[in-house]
Amino acid sequence: MAIPLSVRVVEAELRIYRRTWRGSVFTGFLNPVLYLLAFGVGLGTLIDANLPEGLDGVSYLTYLAPGLLVATAMQTGASEGAWKVIAAIKWRQTWHARLATPISVHGLAIGQVLWSSIRVAMVSASFAIVMIVFGVASPLESLGSILPAILVGTAMAAGTTAFAVRVRDDSTLSMYFRFVVVPMFLFSGVLFPITQLPDWIQPVAYLTPVFHGVELARTIALGLPPLVNSWISLTYLVALTIICGWLIISPMRQRLTP
Amino acid sequence: MSNPLIKATGLTKRFGDFVAVDGIDFEVEQGETFGFLGPNGAGKTSTMRMISAVSPITEGSLSVLGLDPAKEGPRLRSRLGIVPQENNLDDELTVRDNLYMYGRYFDIAKSELNERIAELVEFVQLTEKIDAKVDALSGGMKRRVTIARGLINDPDLYILDEPTTGLDPQARHALWDRLYRLKQRGITLIITTHYMDEAEQLCDRLVVMDKGKIVAEGSPRQLIEIHTPRDVVELRFPIGVLETIGGQIRELSDRTEILADRALVYTDDPDRTVAIVHAYGLEPETVLERRSSLEDVFLRLTGRTLVD
Ligand SMILES: Nc1ncnc2c1ncn2[C@@H]1O[C@H](COP(=O)(O)OP(=O)(O)OP(=O)(O)O)[C@@H](O)[C@H]1O
Ligand SMILES: [Mg+2]
C-alpha cells in the first residue's frame with residue numbers, strides 16, 4: 001500500500017511543478033553554463049597555465065565539470081528537502097491534508113524523497129547536456145556521471161528532510177545551509193582535490209556524500225576504470241540515503257499525527 | 001444500540017502531561033448525525049482526530065466502522081470524509097487541482113474523479129470558481145472547497161470539525177441543507193460546532209464536552225428539558241452596574257447567570273420574574289423574555305458562552 005500511494009505523491013508534486021517548469025528548466029541549463037564559463041574556462045585558463053600536466057591529467061574545465069554536476073545535484077536535493085518541508089508541515093499544512101487520506105507517514109516520506117530524486121535527475125540531466133556541449137566528456141560518459149549525482153542529491157534530500165522535520169523555525173534551516181551545504185560545496189573535492197586541505201580536516205571531507213559522489217562522477221566522466229574505492233563510495237551513498245530516509249519517519253509522525 | 005458505527009470507551013488523549021480528552025465514552029449509530037459541543041480547548045478536535053485515524057489514542061478503546069484506527073488507519077481513512085478545523089488546502093493550486101490531487105490518494109480513476117469533482121463543486125456552489133486558484137478565494141469559499149474535498153471518496157462517515165465557522169449566513173444555511181441531504185442518503189455525520197442553532201438544526205444527538213470530559217449527552221430537546229427551566233429573562237444593564245446589584249438578581253431565581261453586560265434569570269414564570277425586577281426598583285436597559293435554548297444549557301454546564 002505504501003509504495004503505490006507514494007507514486008501519488010509524485011503525481012501531485014508533478015502537478016504543482018507543471019506551473020513553474022519553464023523557469024526551472026531554464027535555470028537548469030543557465031547555471032551550469034555560467035559556472036563552467038566562469039570557473040572552468042575563466043579561472044581554468046590560469047590554473048592550466050600553472051599545471052602543465054593538468055589535474056588528474058586533464059584540463060581544469062574537464063576536472064571541474066563532474067564535480068560541479070554533483071555539487072549542483074547536492075544543492076538541488078538539499079533545497080527540495082528544506083523550506084518546502086517546513087511549509088508543508090507548518091505554514092500551509094498540506095501534509096496534514098495528505099495524511100487524512102489512506103496514505104501513511106511512510107508512504108508520504110518515500111514519495112517526497114522520490115520526487116526530490118526526480119527533480120535532482122532533471123537538473124543533473126540538463127547539466128550533463130551542457131557538459132556535452134562544452135565538449136568536456138562524451139555523451140555516454142556525461143550521462144553515466146548523472147547516476148552518482150542523483151544518488152548524492154537523493155541522500156541530501158533525505159538528510160535535509162530529516163533535519164527539516166525536526167526544526168521548529170526556518171532560521172535554523174538557514175544556518176544549516178550556511179554551515180553544512182555551502183562548506184560541502186567548497187571543501188569536498190568539487191573545486192580542488194581534498195589533499196589540498198589541511199590534514200586534520202581531510203577525514204571530515206571524506207565523510208561527506210559530495211566527496212564520494214564526485215569521485216564516482218569523475219571516474220565515469222574521465223572514462224577511468226572503477227577502483228576498489230568506487231565500490232566503497234557507492235555503498236556509502238546508498239547506506240546514507242537509507243539511513244537518512246529512515247530518520248525522517250519518527251519526527252514526521254510526531255509532528256503530523258501527534 | 002447493538003452495532004454502533006463508532007464506539008469509544010474510556011477514550012483518552014494526553015499531550016505529554018496534559019490531558020486533552022479525559023476518558024470519554026460514547027457511541028454513534030449508523031445514519032445518525034452526532035454533535036460535539038464545547039468551549040475552546042474542550043478536546044473536540046482532539047477527539048475528532050482520533051476518530052479520523054490521524055492521531056493515536058493514548059488510552060481506552062476506539063472502534064470506527066468496526067475497524068481499529070491504530071491498526072487499520074489507511075483502510076479506515078479510505079472510508080472517511082474528513083473536514084479538519086484548518087482548511088489546509090494547497091493555496092497555489094486551483095480548486096479543481098486540489099480536489100483532484102486529494103482524490104488520487106483514494107485511488108479513484110481519473111475519469112471518475114473528474115466527474116465527481118464537477119458534481120462536488122456544484123454541490124458547494126463553486127462551479128464558476130473551479131479553475132480559480134484557492135489563494136484568490138474568500139475564507140468562506142475556501143471552507144466550501146474543504147467541505148467538498150471531504151466528500152471526494154464518497155465516505156461512509158463524514159467528520160466535520162467546525163464546518164461553518166467563517167461562513168456567511170446564506171452559506172451556512174446552504175450547507176445545512178446539503179448536510180441534511182447527505183443524512184437522507186444514509187451517511188453518518190459527526191460535527192463539532194460553536195453554534196447552538198446549528199446543533200439544534202442538525203444533530204440527532206450530541207454531547208457537551210468541557211475540559212476533556214463529557215458533561216451532558218442527549219438530543220437537543222432532551223438537553224434543554226433536563227438542564228434548564230423553560231424560559232429565560234435577559235436583563236441588560238450598563239457595564240459595571242451588575243457588580244453592585246448582583247446579589248439582588250441572584251434572589252430572583254434558583255438559577256441565574258451574571259455576565260458582564262447582562263443577567264440571565266431562568267424561570268418557569270417569566271412575567272412574575274419581570275414584575276419582581278420592577279418591584280425591586282431595578283432599571284434594566286432592556287428586558288427580553290425568551291425560550292431556553294441549547295446555549296443556555298451550554299452556559300449552565302460549562303459556565304461559558306459558546307461563541308467567542
Ligand atoms: N498537538 C498538541 N500538543 C499539545 N497540546 C495540544 C495539542 N493539540 C491540542 N492540544 C491541547 O489540547 C486541548 C484541547 O484542544 P482541542 O483542539 O481538542 O480543543 P477544541 O475543543 O477543538 O477547541 P476549539 O473549540 O478551540 O477548536 C487544548 O488545551 C490544546 O491546547
Ligand atoms: Mg477544535
Side-chain angles (χ1 to χ4, degrees), chain A residues 1-24 80 83-112 114-115 118 165 168 249-258, chain B residues 13-16 18 20 45-46 48-58 69-70 72-94 96-108 110 133-135 145-146 149-150 152-153 155 159 161:
Chain A
M1 200 68 180
I3 302 296
L5 285 183
S6 300
V7 176
R8 300 289 179 242
V9 177
V10 172
E11 206 183 299
E13 292 296 333
L14 197 61
R15 207 158 246 256
I16 298 169
Y17 181 71
R18 267 199 334 206
R19 293 176 309 110
T20 54
W21 70 273
R22 279 188 194 89
S24 145
E80 285 292 319
W83 282 277
K84 241 177 84 170
V85 171
I86 298 209
I89 292 178
K90 204 172 136 180
W91 300 328
R92 286 157 61 191
Q93 308 201 342
T94 45
W95 283 4
H96 294 76
R98 288 185 184 172
L99 288 175
T101 74
I103 200 168
S104 63
V105 171
H106 283 88
L108 180 53
I110 292 170
Q112 287 298 331
L114 202 61
W115 167 249
I118 290 170
V165 294
R168 293 279 147 189
I249 304 295
S250 152
M252 185 164 157
R253 171 165 294 131
Q254 266 163 32
R255 287 198 67 182
L256 293 168
T257 59
Chain B
K13 182 73 196 182
R14 277 195 291 272
F15 297 105
F18 181 80
T45 297
S46 304
M48 300 294 250
R49 286 175 51 82
M50 288 190 280
I51 299 171
S52 309
V54 292
S55 169
I57 73 172
T58 312
E72 295 168 288
R75 213 178 125 205
L76 174 55
R77 289 195 299 273
S78 74
R79 295 173 56 193
L80 301 181
I82 301 175
V83 177
Q85 188 167 350
E86 306 288 339
N87 290 327
N88 61 38
L89 296 163
D90 201 320
D91 282 346
E92 314 248 310
L93 295 177
T94 62
R96 188 198 299 276
D97 280 354
N98 264 282
L99 297 179
Y100 184 88
M101 283 175 23
Y102 196 82
R104 289 293 283 161
Y105 291 104
F106 292 89
D107 266 334
I108 305 169
K110 293 183 183 180
K133 261 201 208 176
V134 166
D135 220 2
V145 178
T146 311
R149 187 182 67 179
I152 199 91
N153 59 327
I159 302 170
D161 196 351

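Labels below follow one simple rule: chain letters A, B, ... track the order of the sequence lines, proteins then strands, and each chain is numbered from 1.
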For E11(A), the salt bridge (charged side-chain N to carboxylate O under 4.0 Å, His left out) test, sequence neighbours excluded, returns R8(A), R104(B)
Counting C-beta onward and ignoring hydrogens, is there a side-chain heavy-atom pair between T101(A) and R77(B) closer than 4.5 Å?
no
Can you give me the closest heavy-atom contact between V54(B) and A100(A), atom names plus distance?
CG1-CA, 3.9 Å
Can you list everything that forms a side chain to side chain donor-acceptor pair (under 3.5 Å) with T146(B)? Sequence neighbours excluded, please.
N87(B)
Could you tell me which non-hydrogen atom of L93(B) sits nearest to which non-hydrogen atom of R19(A), and how far apart they are?
CD2-NE, 3.6 Å
Is it the backbone or the side chain of S52(B) that comes under 4.5 Å from a heavy atom of chain A, or both, or neither?
neither
If one checks every heavy atom of L80(B) against chain A at 4.5 Å, the contacting part turns out to be neither
Quick one: is the NZ or CZ of R98(A) closer than 6.0 Å to the six-membered ring centre of Y102(B), and within 45° of its axis?
no
Any non-hydrogen side-chain atom of L5(A) less than 4.5 Å from a side-chain atom of D107(B)?
yes
Which pair of non-hydrogen atoms, one from P258(A) and one from K13(B), has the smallest distance, and what is that distance?
O-NZ, 3.2 Å
Shortest non-hydrogen contact from R92(A) to D91(B)?
NH2-N, 4.5 Å
Is it the backbone or the side chain of V9(A) that comes under 4.5 Å from a heavy atom of chain B, or both, or neither?
both
What option among Y100(B), F106(B), Y105(B) has the most heavy-atom pairs under 4.5 Å with chain A?
Y105(B)
Under a 4.5 Å heavy-atom cut-off, does chain A meet the side chain of R149(B), its backbone, both or neither?
side chain
Any donor-acceptor N/O pair, R15(A) side chain to N98(B) backbone, under 3.5 Å
no
The interface call for L99(A) against chain B, heavy-atom contacts under 4.5 Å, is backbone
So which heavy atom on P74(B) is nearest to which on P102(A), and how close?
CB-O, 3.2 Å
Which pair of heavy atoms, one from Q93(A) and one from N88(B), lies closest together, and at what distance?
O-CB, 3.1 Å
Chain A contact via R49(B) - side chain, backbone, both or neither, heavy atoms under 4.5 Å:
side chain
